[in-house]
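Notes follow once the structure below has been shown.
Just the heavy atoms: all of them, side chains too, but no hydrogens, waters or symmetry mates, feed the values below.
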Amino acid sequence: MDRPRPPARRPLTALLTATALAATGTAALSSAARAADADLARNGGFESGLDGWSCTAGTTVNAPVHSGTSALKATPAGADNARCAQTVTVKPDSQYTLTGHVQGSYVYLGAEGTGTTDVSTWTQSAPAWQRLTTTFRTGPSTTRVTIYTHGWYGTGAYHADDITLVGPGGETGQPPAPPTGLRASGVTSTSVSLSWSPVSGATGYAVYRDGTKVRTVTGTSATLTGLSPSTAYAFQVAALNDAGESARSATVTATTSTPDSGGGDSGLPAHALVGYLHASFANGSGYTRLADVPDSWDVIDLAFGEPTSVTSGDIRFDRCPDGGTSRSSEAESGRECPGVESDAEFKAAIKAKQAAGKKVLISIGGQNGQVQLTTAAARDMFVSSVSKIIDEYGLDGLDIDFEGHSLSLDADDTDFKNPKTPVIVNLISALRTLKAKYGDDFVLTMAPETFFVQLGYQYYGTGKWGGQDPRAGAYLPVIHALRDDLTLLHVQDYNSGPIMGLDNQYHSMGGADFHIAMTDMLLTGFPVAGDANNVFPPLRPDQVAIGMPATANAGNGHVSPAEVTKTLDCLTKRVNCGGYATHGTWPELRGLMTWSINWDRFGGWEFQRTFDGYFG
């Protein structure tokens, strides 16, 4: 967070080549369907949302549509070509015709698993609805075929509608038995996690909440989010296969918890203002003495503790000198921190802040402080050296502000719930050790960038096929492992590229919409890398603050006080939301974080005044 910088860029993982395009084939539609033929595609017009379809990056829209009221919209990005597919029961040694209507650039329609020659057809450009069709014959033992549509990397969203597969129906048999063993766990104020025993012959499961189907999944678990606090819900699950839906399971009830609105063990007020204080350096914002920080600031993060080397784990906190070479060409008269207080005055100011109910933390990392705990020795040194800083200054806890290349995932590390990359595992272990050492009153906060958290909705590590940036989503396993110990997560909603929200639309910095969409993801939870069976559960609203730059000088993505107010109105009252529809209302949202206290002082305390004016 030292200075603004351009957002991290992801590498291209695929190139559109003439060879790839030439490999797809087209075939003519048969003249007429036989009397025994039927349309076997389920929900081919997308009138029932994505029911029956498995999509990596798709949603349904009401315009444009080819017919009816809905159509598919899917957006390729990075290593994902936005494939939507469903598996259909067919008859061996039979002829089938696949048809669909599409819009967009490079849209594909095809079938695989035919038992003969898999087929696809495509269009390079369809500014208006264009019909695609192809035919195939199943093999002598083929009973199931997967039909699909997808776009191409980096060419924008495409639309599809009225997809049909015409041919003789296969033997579907009987619907499966109803699921057993349904149980609820992981209950928060806004979510409930469900799991159940697998059912033989089931290809999917329908989840019901209070008698209404709310989700279809392929695995045996689901996390339902966006629930109301302190509310009882009834859940059931039905098993699905090509023959239909089973009877529903026995009902399980769960009551969401009451949010912590008073700070709990953290000792924070219901709504808190968090800021970073340039304690080890200065820049164009000027030096601010800790004793001069106004009482509005509830959490003060001393920036920064930095390692002696990237992999040493040895963290040092060197207070800003009153002279020497400045990090900024804008420093006053070559003196980095004119007027800096003595160590004794600094420690006395910490005690005075704590006596007034404030929390003072050491923040580790920042833009220049890359920390990679690659070994157990580095992990142990991290615990030892951070403890020494906390003890010397009598601090309340620790803020993790790992940026750059501090956290990344090994190629075989694909499950955020069970990480195995050393830098991730060792950091989790180190933070748990510190929490255990200092007890329940220890304040633990994190300030990741959007690239390491919300980007995980689309990408996680290097991806299934490799080639993605291994840092994508790399904070998720750390946050998840420590969610019960985490006091605050305040993602840096700045210096960020466009990020896809839960509406499957990209959101960019510069207005309330970005902050609303990014925060909604944390409070609602989201499937990691588009996997509906691998959901990052929501955090409690009292664990979340929104990170914003204090001034336009502090970082890219600064917004006006009016946009800050719109953000808070939408998330805490569900009013003034603009174009983004949140998945809940969270009056217990903890508050705001800013980079930085120094920059806010430079800007006439505008950010602080906005917070005080809103929360009182």
Run the numbers on Thr87 and Thr146 for side chain to side chain donor-acceptor pair (under 3.5 Å), then give the verdict. CA-CA 4 Å; Thr87 301; Thr146 298; 3.0 Å; yes
If you count heavy atoms of other groups shown closer than 6.0 angstrom to NZ of Lys417, is the number above 12? yes
Are there more than 12 heavy atoms of other residues, nucleotides or ligands under 6.0 Å from atom NZ of Lys213? yes
What donor-acceptor contacts under 3.5 angstrom involve side-chain atoms of residues 518-532, with partners at least two apart or in another chain?
from	atom 1	to	atom 2	distance (Å)
Thr519	OG1	His515	O	2.7
Asp520	OD1	Thr524	OG1	3.1
Asp520	OD1	His583	N	3.0
Asp520	OD2	Tyr580	OH	2.6
Asp520	OD2	His583	ND1	2.8
Thr524	OG1	Asp520	O	2.8
Asp531	OD1	Asn533	N	2.9

Using modelled atom types only, decide if a donor and an acceptor are shared between the side chain of [X] and the backbone of [Y] within a distance under 3.5 Å.
| X | Y | answer |
| --- | --- | --- |
| Gln468 | Gly461 | yes |
| Asp210 | Ala234 | yes |
| Thr123 | Val107 | no |
| Tyr233 | Ser228 | yes |
| Thr97 | Val166 | no |
| Thr216 | Ala206 | no |
| Asn504 | Ala57 | no |
| Arg483 | Pro538 | yes |
| Asn81 | Pro76 | no |
| Thr149 | Cys84 | no |

side-chain contact (heavy atoms from CB on, under 4.5 Å) between Ile546 and Leu589, worked out: CA-CA 9 Å; Ile546 308 171; Leu589 180 75; 3.9 Å; yes
If you apply the rule side-chain contact (heavy atoms from CB on, under 4.5 Å), what do you find for Met548 with Thr567, and how did you get there? CA-CA 11 Å; Met548 302 178 174; Thr567 300; 4.3 Å; yes
Does the side chain of His507 pick up a donor-acceptor pair with the side chain of Asp513 at under 3.5 Å? yes
Taking all heavy atoms of [X] and all of [Y], pick out the closest pair and write down the distance.
| X | Y | value |
| --- | --- | --- |
| Gln454 | Val491 | OE1-CG1, 3.6 Å |
| Val88 | Gln86 | CG2-OE1, 3.7 Å |
| Phe235 | Ala254 | CE1-CB, 4.1 Å |

Rounded to the nearest 0.5 Å, how far does [atom2] of [Y] lie from [atom1] of [X]?
| X | Y | atom1 | atom2 | result |
| --- | --- | --- | --- | --- |
| Met593 | Gln492 | CE | CD | 5.5 Å |
| Ile147 | Trp53 | CD1 | CH2 | 4.0 Å |
| Tyr460 | Phe536 | OH | CZ | 10.0 Å |
| Leu455 | Ile499 | CG | CD1 | 5.0 Å |
| Arg590 | His490 | CZ | NE2 | 11.5 Å |
| Ser67 | Trp129 | OG | CH2 | 8.5 Å |

Aromatic plane relationship, [Y] with [X] - under 30° parallel, 30 to 60° tilted, over 60° perpendicular:
| X | Y | value |
| --- | --- | --- |
| Phe416 | His480 | perpendicular |
| Tyr106 | Trp122 | parallel |
| His271 | Phe615 | parallel |

Do [X] and [Y] make a side-chain contact, defined as non-hydrogen atoms from C-beta onward lying under 4.5 Å apart?
| X | Y | answer |
| --- | --- | --- |
| Thr138 | Tyr96 | yes |
| Val119 | Thr135 | no |
| Leu50 | Thr60 | yes |
| Tyr205 | Pro179 | yes |
| Thr75 | Tyr506 | yes |
| Pro92 | Thr143 | yes |
| Leu224 | Arg215 | yes |
| Leu489 | Met446 | yes |

Evaluate the ring-ring contact (aromatic ring centres under 6.0 Å, His included) criterion for residues Tyr108 and Trp152: first the C-alpha distance (whole Å), next the side-chain angles of each, then the deciding distance (0.1 Å), finally the verdict. CA-CA 8 Å; Tyr108 292 73; Trp152 199 255; 5.7 Å; yes
Between Leu165 and Leu98, is the side-chain contact (heavy atoms from CB on, under 4.5 Å) condition met? List the steps. CA-CA 5 Å; Leu165 179 66; Leu98 176 63; 4.1 Å; yes
Do Thr121 and Thr134 pass the side chain to side chain donor-acceptor pair (under 3.5 Å) test, and can you show the C-alpha distance, the side-chain angles, and the key distance before you say yes or no? CA-CA 6 Å; Thr121 181; Thr134 186; over 6 Å; no
Can we call the ring centroids of Trp595 and Tyr494 under 6.0 Å apart? no
Apply side-chain contact (heavy atoms from CB on, under 4.5 Å) to residues Ile479 and Leu539 and explain how you reach the verdict. CA-CA 9 Å; Ile479 298 168; Leu539 294 166; 4.3 Å; yes
When you look at Glu47 and Thr69, which way does the side chain to side chain donor-acceptor pair (under 3.5 Å) test go after all the steps? CA-CA 7 Å; Glu47 303 300 322; Thr69 59; 2.7 Å; yes
Could you give all pairs that pass the salt bridge (Lys or Arg N to Asp or Glu O under 4.0 Å) test and reach residues 98-122, with sequence neighbours left out? Arg83-Glu112
What salt bridge (Lys or Arg N to Asp or Glu O under 4.0 Å) pairs are there with at least one residue in residues 561-571, not counting sequence neighbours? Glu563-Lys566, Asp569-Lys573
Could you give me the CA-CA distance, side-chain angles and deciding distance for Thr99 and Thr133, then say whether side chain to side chain donor-acceptor pair (under 3.5 Å) is met? CA-CA 4 Å; Thr99 303; Thr133 185; 3.2 Å; yes
